[in-house]
Each structure stands twice: as C-alpha cells, then as structure tokens.
Amino acid sequence: MSSPPRAAADLAARLHRRQPLKAWSLIITFFGDSGLPRGGCVPLSVIVAVLAECGVDATTVRTAIARLTRDGWLVRERRGRRSDYRLDSPGLSTFTDAGERIYARNPPAFAERWALAITTLNAGKGRKQLRSLLRNTGFGALDDTVFLRPENRPMRPLPDAEGVHFLRTETAPGPLPPALLERAFDLVALDALYQQFIADVDPWLEPPAPDDGAQCAALRTLLIHAYRRVVLRDPQLPDDLAPTLVHRARARDTAARLYRRWTPRSEHWLDSATDTPWLADGSATVSARF
C-alpha cells in the first residue's frame, strides 16, 4: 500500500488540477503569510527555495518576480550582492485586509449594518476587474451596478477601485430576506468551495509534519493560498444568516490544524534561511493566527 501524499509538490499538483496555480500569485501569498511578520523584506533565494518545493522552477520564479516588480506589487532592494524584495503599497494593502479574514478564528461580529458599492463603469474589461476586486473583499452583486456586504470590519481604500462609490447604512435596516442574500452571494456555491478545500487538504491531516523545514514552508504557503481563494469570497455573514454554509467551520478548523502543524518547522527554517537577520521577529504575529 502506498503511503499518503505528504510533499508540497503533491499538494501543489492536487490544487493545480482544481485551478491552475500561478507563480506570481503563490509569491504574493508567501510574502503575505511568511514575509510580512518578519518585516516584509524577503531574499530572492528564499522565495526560489520555497517555490521549488512547490514544483516551480527558478526561472519561472524570477520571471514572476520581475513582472510583479514591473507592475508595482514588489520593490527590489539591494543588500550587497543580494536581492531582497518587499511588497509595495498595493500588495501590502491587499494582504493586510485579506489577512484579517484569512486568519480569523470566527466571522466578525455583525451589527446588522451593510456597506453598498455602486459602480458607474460601463460593460467591459474594467467592470469585470472591478467585480472581481469587490468580490474578493466580500461584496456580493445585487445587479450589474450595485454590490452589498456586511459592515462588519473597517472599509479600507481599494487599489484600482475607480468608478465605484461606497455607501454605509447609518441605522440597522433589520434582517434582509434570505433570497436576497442568496442572490447576492450564492452561498450554496460558496459552501461547495469550502467542501472542496477540505477534500483537497484532507490527506495531509494524518501524516506528521515533514522534517524538512523548506517543505513545511511550502506546504504552509499552499494551504493559505488554497484557503484564501475560498475565504475571500465569503461575505462573513453570521451563521444564522448563512445556514447553507455547513462546511465553513470545518474548513476553518482544518486550515488552523494544518497551519499549526507546519508553522513551527517552517519558522525555524526561515530563521536560518539567510545569513543576515530578518527585519522583525514575526513569532508573536504567526502564533496568534487562527
């Protein structure tokens, strides 16, 4: 009988079959998950080593890094002969907001107030990108121009959100009809994504963490990458307003269990992965997640 899959490359292949993994997107996940707690500046050699465990070759990594730098997501910093990179403002803002949702133990408290986003963009590529941006910050579409989300966390400025106006309700309007919430957020489809996430990472629940810290760093990156694909679509409605999200709690528990399993060895490896000190000690931040 073959042993259960454990390697990061196995998990990467499994996730890739569901939805193609992009090197640039994995890099952003790694920066947000592992880089920001350590001051945000990461040596190129560390990025190459982690993505190599995911099955991404060094040439592809360097090409993706160059693209992210050109597009303003990363900034290059020279330290002697070494190249370090850090998230620039768009990436930092995006992951700061996303991180509050990814690592939360439970949905935030809901005061029965709602945020509205109204777009004036005409049909086309721009509106499609804006819809995707709003969806990834928890908004659901009531129609082509009006979007809704619970007012359960601060509204931060969204990068590239031209052509959209944000409104907040000043008083609690009371419960919205379940049919309206389902229309805006497609909660049945969202629950199917939570169920799929659980199925994708389930084979890694029993085996112990690999001894190799680079493997753990890669597994941790892939876990957060897969989980954030789902949780960023979640409007974070309380359970009584989202009774069809029956797999959400288990998905959170699964992500938390695996994260705690892989983090200690990945953090130890990161500590020793470079011959110069990191800009910050991220242990308190990482240990508080989930």
Side-chain angles (χ1 to χ4, degrees), residues 1-23 25-27 29-30 32-35 37 46-47 49-56 98-99 101-107 188-234 239 242 244-273 282-290:
M1 179 181 296
S2 60
S3 60
R6 294 195 306 171
D10 295 332
L11 180 55
R14 190 181 185 95
L15 296 176
H16 187 75
R17 286 194 293 270
R18 295 284 193 188
Q19 182 177 344
L21 295 174
K22 304 294 185 182
S25 189
L26 281 174
I27 290 168
T29 299
F30 175 74
D33 181 61
S34 295
V46 173
I47 305 168
V50 172
L51 265 70
E53 300 293 345
C54 301
V56 182
R101 300 160 65 191
I102 293 168
Y103 304 112
R105 192 67 187 91
N106 295 296
V188 172
L190 177 62
D191 190 65
L193 292 177
Y194 274 125
Q195 186 176 19
Q196 178 181 295
F197 166 78
I198 295 167
D200 285 338
V201 301
D202 184 72
W204 281 263
L205 282 172
E206 292 302 323
D211 294 330
D212 188 328
Q215 277 280 313
C216 288
L219 284 165
R220 165 183 164 184
T221 300
L222 289 165
L223 173 76
I224 295 303
H225 191 72
Y227 185 59
R228 80 179 178 108
R229 282 177 166 179
V230 185
V231 77
L232 294 187
R233 297 188 180 193
D234 191 336
D239 291 340
T244 56
L245 292 183
V246 296
H247 293 92
R248 176 168 65 180
R250 184 182 167 194
R252 287 180 183 274
D253 288 341
T254 299
R257 285 177 58 190
L258 288 172
Y259 195 77
R260 295 191 191 104
R261 178 176 302 173
W262 293 330
T263 295
R265 285 178 182 167
S266 70
E267 286 292 294
H268 180 73
W269 176 80
L270 286 167
D271 285 339
S272 59
S283 56
T285 298
V286 172
S287 62
R289 287 171 170 171
F290 290 105

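For clarity, every value in this text was computed on a predicted model and none was experimentally measured.
Partners of Ser287 under the side chain to side chain contact (heavy atoms under 4.5 Å, CB included) rule, at least two apart in sequence or in another chain, do not exist in this structure. For Ala9, there are no side chain to side chain contact (heavy atoms under 4.5 Å, CB included) partners two or more places apart in sequence or in a different chain. Legend: residues meeting side chain to side chain contact (heavy atoms under 4.5 Å, CB included) with Arg252, ordered by chain and number and at least two apart, are Ala104, Arg105, Pro107, Tyr227, Val231, Gln236, Arg248. Residues passing the side-chain hydrogen bond (donor to acceptor under 3.5 Å, both in side chains) test with Ser283 are Asp281, sequence neighbours excluded. Scanning for side chain to side chain contact (heavy atoms under 4.5 Å, CB included) contacts around Ala217 gives Val50, Ser266, Trp269, with sequence neighbours left out. In this structure Arg233 satisfies the salt bridge (charged side-chain N to carboxylate O under 4.0 Å, His left out) test with no other residue, sequence neighbours excluded.
Atom CZ of Arg250 sits in a sparse spot, with 12 or fewer heavy atoms from other residues, nucleotides or ligands closer than 6.0 Å.
The nearest pair of heavy atoms linking Ala23 to Val56 is CB-CG1, 4.1 Å. Taking each heavy atom of Ala218 and Glu53 in turn, the nearest pair found is CB-CB, 3.5 Å.
Looking only at distances, a side-chain donor or acceptor of Arg101 sits under 3.5 Å from a matching main-chain atom of Leu232. A donor-acceptor pair under 3.5 Å links the side-chain atoms of Arg261 to the main chain of Pro207, judged by distance alone. His16 places a side-chain N or O within 3.5 Å of a backbone atom of Leu21 that can act as its donor or acceptor partner. Panel note: side chain Arg228, backbone Ile102; no donor-acceptor pair is recorded below 3.5 Å. Of the possible donor and acceptor atoms, none in the side chain of Arg289 sits under 3.5 Å from a partner among the backbone N and O of Tyr259.
Summarising the geometry, atom CG belonging to Leu51 is positioned 5.5 Å from atom CD1 belonging to Ile27; distances are rounded to the nearest 0.5 Å. To the nearest 0.5 angstrom, Leu193 atom CG is 9.0 Å from Gln19 atom CD. Note that SG of Cys54 and CG of Asp10 are 11.5 Å apart. Values are rounded to the nearest 0.5 Å. If you take OG on Ser34 and CG on Leu270, they are separated by 5.5 Å, rounding to the nearest 0.5 Å.
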Pairs of donor and acceptor atoms involving the side chains of residues 195-203, under 3.5 Å and at least two apart or interchain, shall be tabulated with distances.
from	atom 1	to	atom 2	distance (Å)
Asp200	OD1	Arg18	NE	2.8
Asp200	OD1	Arg18	NH2	3.4
Asp200	OD2	Arg18	NE	3.4

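Applying the salt bridge (charged side-chain N to carboxylate O under 4.0 Å, His left out) test to every pair with at least one member in residues 212-224, sequence neighbours left out, gives these pairs: Asp33-Arg220, Arg220-Glu267.
Looking only at side-chain heavy atoms (C-beta outward), Phe30 and Ile224 stay at 4.5 Å or farther from each other. Within the 4.5 Å cutoff, no side-chain heavy atoms of Tyr194 are placed close to those of Val246.
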